[in-house]
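Take a look at the structure set out below.
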Number of protein chains: 2
Amino acid sequence: MSPETAPANEPDRAPDLEAVWQQVQPAAARRLLVAAAEAFAVRGFHATRTRDIAQGAGMSPAGVYVHYRSKEELLYRITLTGHQQTLALIRTATAGGAGPTARLTAVIAALTAWHARQHTTTRVIEYELHSLTPDHHTEIVHLRREVDGLVRQILADGVACGDFDVPDVPTTTLALLSLSVDVARWYHPSPRLTPEHLGDLYADLALRMVGGAGSAAVAD
Amino acid sequence: MSPETAPANEPDRAPDLEAVWQQVQPAAARRLLVAAAEAFAVRGFHATRTRDIAQGAGMSPAGVYVHYRSKEELLYRITLTGHQQTLALIRTATAGGAGPTARLTAVIAALTAWHARQHTTTRVIEYELHSLTPDHHTEIVHLRREVDGLVRQILADGVACGDFDVPDVPTTTLALLSLSVDVARWYHPSPRLTPEHLGDLYADLALRMVGGAGSAAVAD
DNA sequence: GTCTATACGCCGATAGAC
DNA sequence: GTCTATCGGCGTATAGAC
């Protein structure tokens, strides 16, 4: 392989997508994960053939089973890692003991930008859950409950100290998470609407939704 | 079939789901549509076997092809009718020449309640688009653009007359539609959270998001 | 670890009787 | 219009050489 051309089995991919799986070793296992995530995101789990994944990773069909026991295990690894990263993201954004307003805007901005920048990965982890085995599905649902609990706590704190005005905390929590999650469904990269810009817009919308300070632009 | 028992090929279904397809004739074609919508919603298009659909409609596997040319045609009919009903819903809610505030709350309440009550159907029409043939997919995307345009116009009108404060109309339109669409993903029937109640809650959230009157609770 | 070749079951769709 | 029977093809996963 000459230095001026990329190897044939390393397709030219968005660097962001590779970055998510950087720590996966060996390289062949990582290429398979990335290829699987791309295929699952575009076609869905059941419409993706193991041949698609192998070809995307520059391998023969049989090569998949050296690194993973089944197609479902690929989905599981993607989904598990994705949810762990989502949780880490939220915990980072809420750390430091800031007030509810700062925590809410930080979380929504980060979560939204993550769903936009990694829309390929997040499309899989948000919309292909039902293709997991029952055991794996149960495990992921537990992680999703943690996500819900962390955001709900911010709203509860904001209501308790009077910063927020929220008639129905559980449903508003769902609505806020809905906004960010659904970004994975429709977002495509655009110079007009970068992940960071969208994150800021959505953080502002979130603040308005909870009746927080800065949301009363109309009252001026 | 005795009068006190339901016929074996008419499973005990939510009446709401039957109501959506009431006008489809003959009855066998309707039963197939309903069975397909249920199966597609739970398992997804590619994980659903024609045998599942036939069994759900109380027919043999071959019976499907008397009424539909392919499994994809079933998905297409469900998706097309669903989008037509969505558009009709929005047009009804915006009719009458009311102001932007009344139109927005009516549309969001109706759209949200529709996604909740018909979460089985809407889960299919919102999340299985990618399994349509290219031609059918293109046709549906046109209908979706109409939906987007109708909601965007409400926001534009509200901004023009000063009722709304929206920094980015296209993105806020997407966010509002996101909220309602995503209901199809997570909603399940609950006495605490009826479709109508959720619709009212979301209409209030929508008004806050656009900085409309009644959203400035914090400013008092 | 990667390949070629293939086993084996499943699925969409059709044939043809009634 | 519905059935029984079945075709042809595809797709996951494995066997075994290198």
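Proteins come first, then strands; the chains are lettered A, B, ... in the order of their sequence lines, and each starts at number 1.
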Open item on the list: With the threshold set at under 4.0 Å for non-hydrogen atoms, list the residues of residues 66-81 of chain B touching DNA chain D in residue-number order.
Closed with: B/V66, B/H67
- [ ] With sequence neighbours left out, write down each residue that passes salt bridge (charged side-chain N to carboxylate O under 4.0 Å, His left out) with A/E128, or none if nothing qualifies.
- [x] none
Task: Contact check, side chains of B/W186 and B/V183, non-hydrogen atoms, under 4.5 Å - done: yes
- [ ] Sequence neighbours left out, what passes side-chain hydrogen bond (donor to acceptor under 3.5 Å, both in side chains) with B/Q85? Give chain and number order.
- [x] none
- [ ] Calculate the interatomic distance between A/Y65 atom OH and D/dG11 atom P; express it in whole Å.
- [x] 12 Å
Task: side-chain hydrogen bond (donor to acceptor under 3.5 Å, both in side chains) involving A/T86 - partner list, sequence neighbours excluded - done: A/W114
Open item on the list: Restricting to ring-ring contact (aromatic ring centres under 6.0 Å, His included), what partner residues turn up for A/F40, sequence neighbours left out?
Closed with: A/F45
- [ ] Just jot down the salt bridge (charged side-chain N to carboxylate O under 4.0 Å, His left out) partners of A/D157, sequence neighbours excluded, or say none.
- [x] A/R103
Task: Partners meeting salt bridge (charged side-chain N to carboxylate O under 4.0 Å, His left out) with A/E72 (sequence neighbours left out) - done: none
Open item on the list: Short of 4.0 Å, heavy atom to strand atom, which residues of residues 42-50 of chain A count as contacting DNA chain D?
Closed with: A/T48, A/R49, A/T50
TODO: Quick one: list whatever passes ring-ring contact (aromatic ring centres under 6.0 Å, His included) with B/H136, sequence neighbours left out.
DONE: B/Y76
Task: Residues that A/Y68 engages under ring-ring contact (aromatic ring centres under 6.0 Å, His included), provided they are two or more places apart - done: none
TODO: Using chain B heavy atoms and a threshold of under 4.0 Å, write down where along DNA chain C the contacts begin and end, 5' to 3'.
DONE: C/dC11 to C/dA15
Open item on the list: Which residues pass the side-chain hydrogen bond (donor to acceptor under 3.5 Å, both in side chains) test with B/R144, not counting sequence neighbours?
Closed with: B/H83, B/E126
